[in-house]
Amino acid sequence: MKRYLILGIFLIGIVIGVSWWVLDRPVDMHVYTRIEKENGTEISINYPVTGIRKLDRLVETAVSQQETLFRAEAEGMMREFNVDYRYWVVNDRYIQIVLTFFRNNEGLAHPINEIKTFVFDRSKNKILTLSDIMTQEELTRLVPVLQQKFIQKYKDCILMDELQSVIGPDFASYSLFTFNDEVLTFYFNPYEITAGYCNIVSITIPWQEINSKIKITKDVFVDVSWVDSNRSVIDVSKKVVALTFDDGPSKYTNEILTILKEENAVATFFVLGNKVESYQDTIRQAILNGNELGNHSYNHKSMRRLSKEEIQKQVNDTQEVIYRFTGYTPTYLRPTYGFSNQKIKTSTNLEIVLWNVDSLDWKLKNVKTIVNRTMDDVYDGAIILMHDTHARTVEVVRDLIKKLKEQDYQFVTVSELAELKKLKM
Ligand code: ZN
């Protein structure tokens with residue numbers, strides 16, 4: 001008995017050892033497989049699971065949407081559902097997944113084929129569209145070249161009106177593509193630009209031909225997509241709240257990060273560009289712990305008083321310095337003093353986010369008062385404003401998280417909150 005126990009512990013040790021080694025690797029892909037056969041229905045699903053939570057969730061969602069469609073189609077008939085994939089790591093920054101879906105049943109004249117691609121940028125923690133990797137000038141050169149190639153290659157099944165509209169002015173937002181150092185490949189689903197019998201079609205264009213090159217930079221960056229994999233999944237049926245901190249980082253930020261980590265919580269830090277270099281370690285740690293960074297201007301000038309050019313400089317300089325020291329690119333701007341107007345909005349591509357609950361930690365001196373008034377105002381989906389520039393805020397965070405947890409709140413970043421709101425719409 002004792003011997004089995006020791007063997008058991010030894011085996012568990014190996015498992016822990018192996019998973020530790022696996023977790024330590026930047027991307028560890030495994031393939032999810034489900035193959036089943038029931039009453040004339042055959043299902044084979046294979047797709048990569050990367051360990052990058054955001055990417056994995058998008059892939060899983062795409063697969064389950066297809067499976068739902070399949071389940072709704074021609075019930076009781078002989079039918080087949082197949083999910084296949086291609087996966088590759090372009091470099092330490094870009095990961096690409098191509099999923100192909102095949103749905104068939106005996107009532108259909110032709111099976112249904114669909115393709116979906118995911119070009120994931122680990123430094124931005126997001127799926128890219130064309131506009132993320134090409135400038136407007138490059139896109140302008142690309143469109144006629146692509147149209148021309150398309151007409152040559154698929155002249156027998158092309159739908160000209162669709163060609164003009166799909167590969168047209170809005171092509172910047174197109175997302176079905178993959179690339180490497182040499183070429184860019186575009187995919188189009190059946191009926192998108194071609195008659196259905198041509199199936200999924202693709203066109204490959206050398207970067208050279210459009211006078212362009214993918215910037216496969218080797219900049220130092222924190223692998224932001226990998227960092228939050230230890231966090232528990234957000235339960236969409238439960239309440240959420242987004243803690244946000246403005247004006248930092250400061251000497252108090254590290255303590256706040258420690259509390260957040262201990263409580264398995266995350267927050268969003270709207271930082272000032274001019275502090276980034278001095279607190280670069282703190283900021284990197286914030287990212288590594290799964291927190292989000294936002295832009296709060298370079299030096300906290302009142303944005304409503306600045307010209308459009310000055311606002312842009314404030315915002316862009318901050319984006320640049322954050323990227324330089326962390327490889328991270330914020331997607332949200334919180335204008336200074338919580339004031340936003342049309343001029344500020346049109347000065348930036350960043351999304352503007354304010355708050356709903358002001359802790360008044362900058363004004364009230366007593367920790368208990370700050371916590372209590374915040375708890376009075378809080379609600380599901382609220383964004384709470386705090387400042388990681390006061391000693392008392394450290395204590396506020398400690399108490400507030402405990403109280404919020406007692407009321408079953410989960411902690412999310414501003415981006416996660418936005419995603420949840422979309423999901424619930
Ligand atoms: Zn501020």
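Both backbone and side-chain heavy atoms feed into the values below; hydrogens, waters and symmetry mates do not. We count ligands from 1, going down the list as the structure has it; atoms in each ligand are counted the same way.
For residue D247, an N/O/S atom approaches the Zn ion (ligand 1) to within less than 2.8 Å. Note on H387: not counted as a metal contact of the Zn ion (ligand 1), no N/O/S atom lying under 2.8 Å.
If you put the vertex on the Zn ion (ligand 1), NE2 of H296 and NE2 of H300 sit 90° apart, to the nearest 10°.
For the residue pair N289 / Q285, a side-chain donor-acceptor distance below 3.5 Å is found, with atom types taken as modelled. Side-chain contact annotation: N211 with E138, donor-acceptor N/O pair under 3.5 Å absent.
None of T140, L142, T129 except one satisfies the side chain to side chain contact (heavy atoms under 4.5 Å, CB included) rule with F171; the exception is L142. Considering H296, E292, R334 as possible partners of T244, the one that fulfils the side chain to side chain donor-acceptor pair (under 3.5 Å) test is R334.
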